[in-house]
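Labels below follow one simple rule: chain letters A, B, ... track the order of the sequence lines, proteins then strands, and each chain is numbered from 1.
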2 protein chains.
Amino acid sequence: MEQAITRPGLGAERARYLAQRMERDIGLGDLGPGAWLKQVDLEQRYGATRMEVRQALDRLVEKGLVKHLARRGYRVEDFDPDRLAQIMQIRAALEVEAAAMVIHRLEEATLAAMAAQAERYRVALDEGTVEEHEEANLEFHRLMLSPCPNRELVKLLFDLRTRVPVAVTRRRNSLGVLRRAAEHHFEMVRLIRAGDLPALQRLMREHNLSPSPEA
Amino acid sequence: MEQAITRPGLGAERARYLAQRMERDIGLGDLGPGAWLKQVDLEQRYGATRMEVRQALDRLVEKGLVKHLARRGYRVEDFDPDRLAQIMQIRAALEVEAAAMVIHRLEEATLAAMAAQAERYRVALDEGTVEEHEEANLEFHRLMLSPCPNRELVKLLFDLRTRVPVAVTRRRNSLGVLRRAAEHHFEMVRLIRAGDLPALQRLMREHNLSPSPEA
DNA sequence: GGCTCCTTGATTGGCGCCAATTTTCCTGAC
DNA sequence: GTCAGGAAAATTGGCGCCAATCAAGGAGCC
């Protein structure tokens, strides 16, 4: 089994954390679409109690990652391309909104850190694991949104992110498309430095809506 | 106690439904900010089991309507104006996005129904109860979004709606502001008929961001 | 009178057991 | 060989009980 949960706290908090780990495992393809999530298996795999597993599953159902069939169990939903495209459209709209709020709030130190993550992302495309690659991407966007005063928006954006499994993205996009997404990151930094909001917003939209729903 | 839940189905579904009812009661002010939500009380009030109550509370915590204090209980969050403003900004951005998708998909019959609800809303402002008033508003927007192909976006918009208690809105806004919001509804119908997307989008944004976060 | 400590009562939170239901597998007939 | 029927195992889902903890109230002390 994976590393057991050793976090302190109440069951509810631990269930939240467990749900995050399951999201990640589903996203990375460890738990593929159609897979049955048997409660006993999950207990063992994550070292959690029955109740925590149930709460986590319930949360995943809420997010649409998992489907619940009465007295049959929980099954990983297959990833409907239409639905994923819809989520990407939402993300695009919100990233455009966020862009206007951060473009004049980002400091040079943060921009430099963003550029570093952009580089890490680009390199990881060829050499790194999917996890590292994804983490660089996540960190880039976390940095970019860090000065956004609308924390609800930021929270929602990261929540939406977990609803689009990376495995799917990766499967559907050629390496070339991913490379282009990598270049977008550098372009974002450049446009923020230039203070060109309209161009940045166009780029954010394209970055999300282009064949690559990633990043 | 209120009408007990008589719905069929598993506990999980019933808990979802219970959470909706509690959202509504919180939104309408029946359960004000700071109120302690004792599990036994809720059991009796809604005729639900302990487990259903717990699941529902957990969901409300997730939505930020309720705060959980370890071994103390659940308490209705006070409505931070900043946070509400942030949610309204998200709604505004998404409504603008949705406007582009529905403006050429709305049929005359639906527009007529929208106008009827707009009228009902305006009348209810003076004569109706808060519930009726709110229902007309909800129905207007439901009709407007009905031809939107991005169902995820629609679902999210209605979800965001429940996070802004009507009671707060009503308290913070003068009747004049609400009347202006009512006129917005008629203006929306007019702009959709005219096919004027830019103006519609400006209006949607204003409708959400103006002193009245309502509607 | 006011402060502290302790007992009492109330509430939350979790664990374990068991009923209901589904799936699997075995048996037997055609 | 295949299909139907039925027993057995596995799985979910819910309910009740109880420990842990917290708030309230009262007794005793300063």
Aromatic ring pairing B:Y74/B:H68, orientation class (parallel under 30°, perpendicular over 60°, tilted between):
tilted
Classify the ring geometry of A:H207 against A:H184: parallel below 30°, tilted from 30° to 60°, perpendicular beyond 60°.
perpendicular
Could you tell me how far apart [X] ([atom1]) and [N] ([atom2]) are, to the nearest whole angstrom?
X	N	atom1	atom2	result
A:R50	D:dG14	CZ	C1'	12 Å
B:D58	C:dG13	CG	C1'	13 Å
A:M51	C:dG13	CE	C1'	7 Å
A:R54	C:dG14	CZ	P	14 Å
A:E52	C:dC15	CD	P	7 Å
A:R75	D:dT12	CZ	P	14 Å
B:L69	C:dG13	CG	C1'	14 Å
A:R71	C:dT21	CZ	P	6 Å

Side chain of A:Y74, heavy atoms from C-beta onward: which of D:dC15, D:dG13, C:dG13 has the nearest atom to it?
D:dG13
Out of C:dT12, D:dC15, C:dC15, minimum distance to the side chain of B:K38 belongs to C:dT12
Please determine whether a side-chain nitrogen or oxygen atom of A:H68 lies at a distance below 4.0 Å from atom OP1 or OP2 of D:dG13.
yes
Phosphate contact (D:dA10 OP1 or OP2) by A:Q39 side-chain N/O below 4.0 Å
no
Could you check B:D126 against B:L175 for side chain to side chain contact (heavy atoms under 4.5 Å, CB included), going step by step and ending with a plain yes or no?
CA-CA 9 Å; B:D126 293 321; B:L175 189 56; 4.2 Å; yes
Mind checking the CG-NZ spacing from A:L37 to A:K67? Nearest 0.5 Å is all I need.
14.0 Å
Quick one: on DNA chain C, does B:R72 or A:A70 contact a more 5' nucleotide (nearest heavy atom)?
B:R72
